[in-house]
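Input: a single structure, listed below in structure tokens.
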Amino acid sequence: MHTEIPAVLSSNTELSSTTNLGFIHAFVAAISVIIVSELGDKTFFIAAIMAMRYNRLTVLAGAMLALGLMTCLSVLFGYATTVIPRVYTYYVSTALFAIFGLRMLREGLKMSPDEGQEELEEVQAEIKRKDEELQRSKLLNGTGDVETSVGPSVPKKRWMKFISPIFVQALTLTFLAEWGDRSQLTTIVLAAREDPFGVAVGGTFGHCLCTGLAVIGGRMIAQKISVRTVTIIGGIVFLAFAFSALFISPDSGF
């Protein structure tokens with residue numbers, strides 16, 4: 001009986017070590033692909049432009065809530081596929097990484113050096129339209145201008161007493177822009193093959209870094225980022241993860 005105790009302890013230690021490695025591997029993979037997917041993306045421009053017009057903390061809070069919710073939903077979608085034998089999801093996800101990587105490389109190589117300005121202008125037009133809708137809503141509700149609050153004093157809607165319209169705008173614009181985006185699909189694929197908790201934490205942290213950079217740097221950083229370079233690097237990162245499948249067994253515990 002005494003000889004069984006060390007064996008059990010050794011088994012628990014190995015299991016804990018494998019779990020930790022799985023979490024770290026998933027965390028690094030998630031934060032890597034999110035950064036290369038989100039820098040210069042539509043959600044990045046939304047945060048950058050809104051932060052120039054409104055309170056930065058409000059914009060950051062709204063955008064991060066949307067991205068956090070989207071990351072958790074994507075991880076749940078990916079984790080749901082674990083009912084399928086791991087060997088299938090592992091190699092299907094590897095093939096998807098290779099496809100994403102090749103597609104990003106092709107897109108990056110075809111891009112002009114000033115690529116991304118069109119998307120920046122598109123986001124600016126969309127935010128301007130939302131601003132006009134918000135101003136009309138404010139006038140109809142009798143609350144005046146968003147920034148100056150000039151206008152007749154009429155009771156606000158109940159929810160507006162507790163939630164900033166700018167917070168709601170940042171949340172909805174970011175959530176809708178992220179739905180079906182490459183980073184969402186990537187998070188689903190990662191959660192199907194990696195530790196889901198590590199993917200959730202790494203993905204959220206990656207989004208936090210990119211969105212924080214957009215909010216702090218604003219338009220200056222948005223204009224300086226080379227979407228072409230980021231896309232090419234992203235393609236290489238995706239292909240590297242696909243290539244690593246040749247050396248990591250599906251049953252390795254990751």
Side-chain angles (χ1 to χ4, degrees), residues 25-49 51 63 66-67 70-71 74 78 91-127 173-194 199 202-248:
H25 191 269
F27 179 86
V28 172
I31 197 172
S32 301
V33 297
I34 289 299
I35 288 174
V36 296
S37 297
E38 287 299 300
L39 281 178
D41 194 41
K42 192 171 185 177
T43 50
F44 183 89
F45 289 138
I46 287 171
I49 294 168
L67 293 168
M70 185 63 74
T71 301
S74 302
Y91 287 117
V92 167
S93 63
T94 298
L96 288 173
F97 270 118
I99 292 168
F100 287 160
L102 290 171
R103 185 178 175 184
M104 287 180 76
L105 273 180
R106 188 183 67 180
E107 289 175 357
L109 292 172
K110 286 184 177 180
M111 284 180 182
S112 61
D114 59 347
E115 189 77 30
Q117 290 305 308
E118 278 187 26
E119 189 157 22
L120 178 60
E121 290 168 6
E122 180 187 334
V123 171
Q124 285 177 316
E126 188 173 353
I127 291 176
L173 280 174
T174 304
F175 191 89
L176 292 174
E178 191 66 14
W179 187 264
D181 193 46
R182 183 189 291 124
S183 58
Q184 186 200 17
L185 299 176
T186 302
T187 305
I188 293 172
V189 172
L190 273 177
R193 60 177 278 173
E194 306 284 348
V199 173
T204 303
F205 191 67
H207 279 302
C208 189
L209 285 176
C210 292
T211 308
L213 182 65
V215 168
I216 293 169
R219 187 186 181 90
M220 182 184 70
I221 290 180
Q223 289 181 325
K224 292 291 183 183
I225 284 178
S226 169
V227 177
R228 182 176 187 269
T229 303
V230 172
T231 303
I232 291 172
I233 293 173
I236 294 170
V237 170
F238 275 79
L239 287 175
F241 280 115
F243 186 69
S244 70
L246 299 175
F247 306 98
I248 300 176

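- Atom-to-atom distance recorded for L67:CG and T174:OG1 is 6.0 Å, nearest 0.5 angstrom.
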Next on the checklist: Show, in sequence, the C-alpha distance, side-chain angles and deciding distance for E38 and S183, and conclude whether the side chain to side chain donor-acceptor pair (under 3.5 Å) test is met.
Outcome noted: CA-CA 7 Å; E38 287 299 300; S183 58; 2.7 Å; yes

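- Closest approach of F44 to C210, counting heavy atoms only: CE1-O, 3.4 Å.
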Next on the checklist: Quick one, T43 with T211, criterion side-chain contact (heavy atoms from CB on, under 4.5 Å). Give me CA distance, side-chain angles, the key distance, then yes/no.
Outcome noted: CA-CA 8 Å; T43 50; T211 308; over 6 Å; no

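- For the residue pair Q184 and E178, the shortest heavy atom distance occurs at CB-O, 3.8 Å.
- A pairwise comparison of heavy atoms in A242 and F97 identifies CB-CB, 4.0 Å as the closest pair.
- Atom OG of S74 is separated from atom CG of D181 by 10.0 Å, given to the nearest 0.5 angstrom.
- Annotation: side chain of I34 is in contact with side chain of T187 (closest heavy-atom distance under 4.5 Å).
- Contact annotation: the side chain of L209 approaches that of I31 to within less than 4.5 Å [non-hydrogen atoms, C-beta and beyond].
- A distance of 10.0 Å separates CG of L96 from CZ of R193, quoted to the nearest 0.5 Å.
- The nearest pair of heavy atoms linking V230 to V36 is CG1-O, 3.4 Å.
- Proximity of T186 to F238: side-chain heavy atoms (C-beta onward) are separated by under 4.5 Å at one or more points.
- Of all the heavy atoms in G203 and A30, the pair that sits closest is N-CB, 3.6 Å.
- Nearest heavy-atom pair, I46 versus A177, reported as atom, atom and distance to 0.1 Å: CD1-CB, 3.8 Å.
- Within 6.0 Å of the CZ atom in F205, the count of heavy atoms belonging to other residues, nucleotides or ligands does not exceed 12.
- In this structure, CD1 in I188 is found 12.5 Å from OG in S93, a value given to the nearest 0.5 Å.
- Here the straight-line distance linking atom CD1 of I99 with atom OG1 of T94 works out to 11.0 Å at 0.5 Å rounding.
- Counting only heavy atoms from C-beta outward, the side chains of S37 and F100 never approach each other to under 4.5 Å.
- We find the CG-NZ distance between L176 and K42 to be 9.0 Å, quoted to the nearest 0.5 Å.
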